[in-house]
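First up is the structure itself, then whatever we jot down about it.
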Number of protein chains: 2
Amino acid sequence: MAQKKKKATSDRILNAAERLFAQHGFDGVTMRQIMRAAGADVALAYYHFKSKRDLFDAVMLRRVEVVNEMRLQALERVERSHDKDDPATVEEIIAAFVHPLLDQLARNQEEWRHYYALIAQINNSPEFGGAVMTKYFDPLVRRFIQALRRAMPDSDPADIFWGYQFLSGALTLTFAETGRLDNLSEGLCRSDDMDAANARMPAFIAAGFRALCMPKPKLAQLKAKPKKK
Amino acid sequence: MAQKKKKATSDRILNAAERLFAQHGFDGVTMRQIMRAAGADVALAYYHFKSKRDLFDAVMLRRVEVVNEMRLQALERVERSHDKDDPATVEEIIAAFVHPLLDQLARNQEEWRHYYALIAQINNSPEFGGAVMTKYFDPLVRRFIQALRRAMPDSDPADIFWGYQFLSGALTLTFAETGRLDNLSEGLCRSDDMDAANARMPAFIAAGFRALCMPKPKLAQLKAKPKKK
DNA sequence: AAATAATTTCAACGATCGTTGAAATGTGTT
DNA sequence: AACACATTTCAACGATCGTTGAAATTATTT
């Protein structure tokens, strides 16, 4: 019973912290605001987690393994349905990278929403972006980049890394749900319409990768006279 | 002389604020840190600007007109070199949108760097993203979207707006210069290599737009039987 | 039931926050 | 020279920050 109670309280703290960190950033929120939202005394935050920074890390850690596992399985599912003679397409790989996230957002309205918005802020923060994203996501991202390299065998590795940079930016801005798309399109599009993002992103990004890594002159060249490689 | 002196001080404040806001976010910086970096008394910040928030707005405003004017001229230059029978290509339009910014970054090492990093954070912030970006950039962005619509006449407007969302995310993450690309590529790519970004982004984004707005079945259809337009 | 451990409450610490009024200094005009 | 005005310095305001020790309460084990 103690276990269950503890779980309940520390989860309420994590939920409140997640939401407020996502909305206002790490420094834009106070411990007292978080604990007021969690309905508990301020000191409890320091009992369950030991500092503001550690609470932040706990917020990040709680969901990162779940989402990375989902994406890894999506990638493996794609890879199992292909072999060396029939490699996976770029679209399929990108879809495995983004669908699990956007699907979850489209279905599960409030649960994960704030977490992804937090990721969006972190990814674009000079303070946290490099270190935090690298720490939590690089192993998985490297696997996707390997897959992309297999799908575009004669590509320059640097092109793939830059393509991933563009993909990462496009994906996280979509997570941010800032409402800007609503303003810009005067209501035609909604920032929180993840089905719309889901339907468009793989096609957009895959075409970008192909244009970058397999430009037409190179493609024609490869078809015409197979070079050394 | 008073004018010049005033300019000098308030510019030093703006520079310090710009750099620190970009590095740590609005709430991650104190007035005292800013004024220490500017080498002036704290109270001077409230004399020249009247609050922290107003200082932030002044930081945003100082450069936004310059960069928007540059991009507008780049777009008009592209449009002047085309006419109705020979419309501008998507690549040219995207290049006019991103080149002025990245060019400036590639040339002018420190001057504009922090400003763009700040934009990257703002764009992905639920708190500021919607309102601030809309306020400063929407008029220009609407012009670019008009141009894109002319370049892809039979496209669904929603596709163009979403394409712009992806473009915006890719561009601003590149501004953020978080160093993540360096970690991920183990030194092969550098986050601050704006020439590399410059060379790749228009091709990537333009291909994305085309795949989204003019998918192949539609393209084939257009070529086969020229419709009303 | 007694004892031990886990959780929660309460009150407070020093430090620092954004902001301000008033005095001091500098600058340009008569 | 005296003046008005812009700029800068200095010291401080109340509020709030992250954090903590110790007491009070609740749950678990003996």
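Order of the sequence lines fixes the chain letters, A, B, ..., with proteins taken first and strands second; residue numbering starts at 1 for each chain. Here the structure is a predicted model, which is why all the values come from computation and not from measurement.
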Q) Once each nucleotide of nucleotides 10-23 of chain C is scored for protein heavy atoms under 4.0 Å, what B/S/- sequence comes out, 5' to 3'? A) B-B----BBBBB--
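In this structure, a donor-acceptor pair under 3.5 Å is present between the side chains of B:His24 and A:Glu127. Counting only N and O atoms by type, the side chains of A:Asn183 and B:Asp138 include no donor and acceptor under 3.5 Å apart. Checked by atom type, the side-chain pair B:Ser168/B:Asn123 shows a donor-acceptor distance below 3.5 Å. Side-chain contact, B:Tyr164 with A:Arg180: a donor N or O sits under 3.5 Å from an acceptor N or O.
Under 4.0 angstrom from either OP1 or OP2 of D:dT8 there lies at least one side-chain N or O belonging to B:His48.
Atom-to-atom, OH of A:Tyr47 to P of C:dA5 comes out at 13 Å; the value is rounded to the nearest Å. In this structure, the CE atom of A:Met35 is 10 Å from the C1' atom of C:dT8, given to the nearest Å. C:dT8 atom P lies 5 Å from atom CG of A:Leu44, rounded to whole Å.
Using a 4.0 Å cut-off between a side-chain N of Lys or Arg and a carboxylate O of Asp or Glu, A:Glu79 and A:Arg143 qualify as a salt bridge.
Note on the helix from C:dA1-D:dT30 to C:dT29-D:dA2: terminal axis deviation equals 10°, with five pairs used at each end and the result rounded to 10°.
Atom CG of A:Leu14 sits about 8.5 Å away from atom CZ of A:Arg63, to the nearest 0.5 Å. Distance check, rounded to the nearest 0.5 Å: CZ of A:Arg107 to CG of A:Asp195 gives 10.5 Å.
Under a 3.5 Å cut-off, the side chain of A:Glu69 and the backbone N or O of A:Val66 do not form any donor-acceptor pair.
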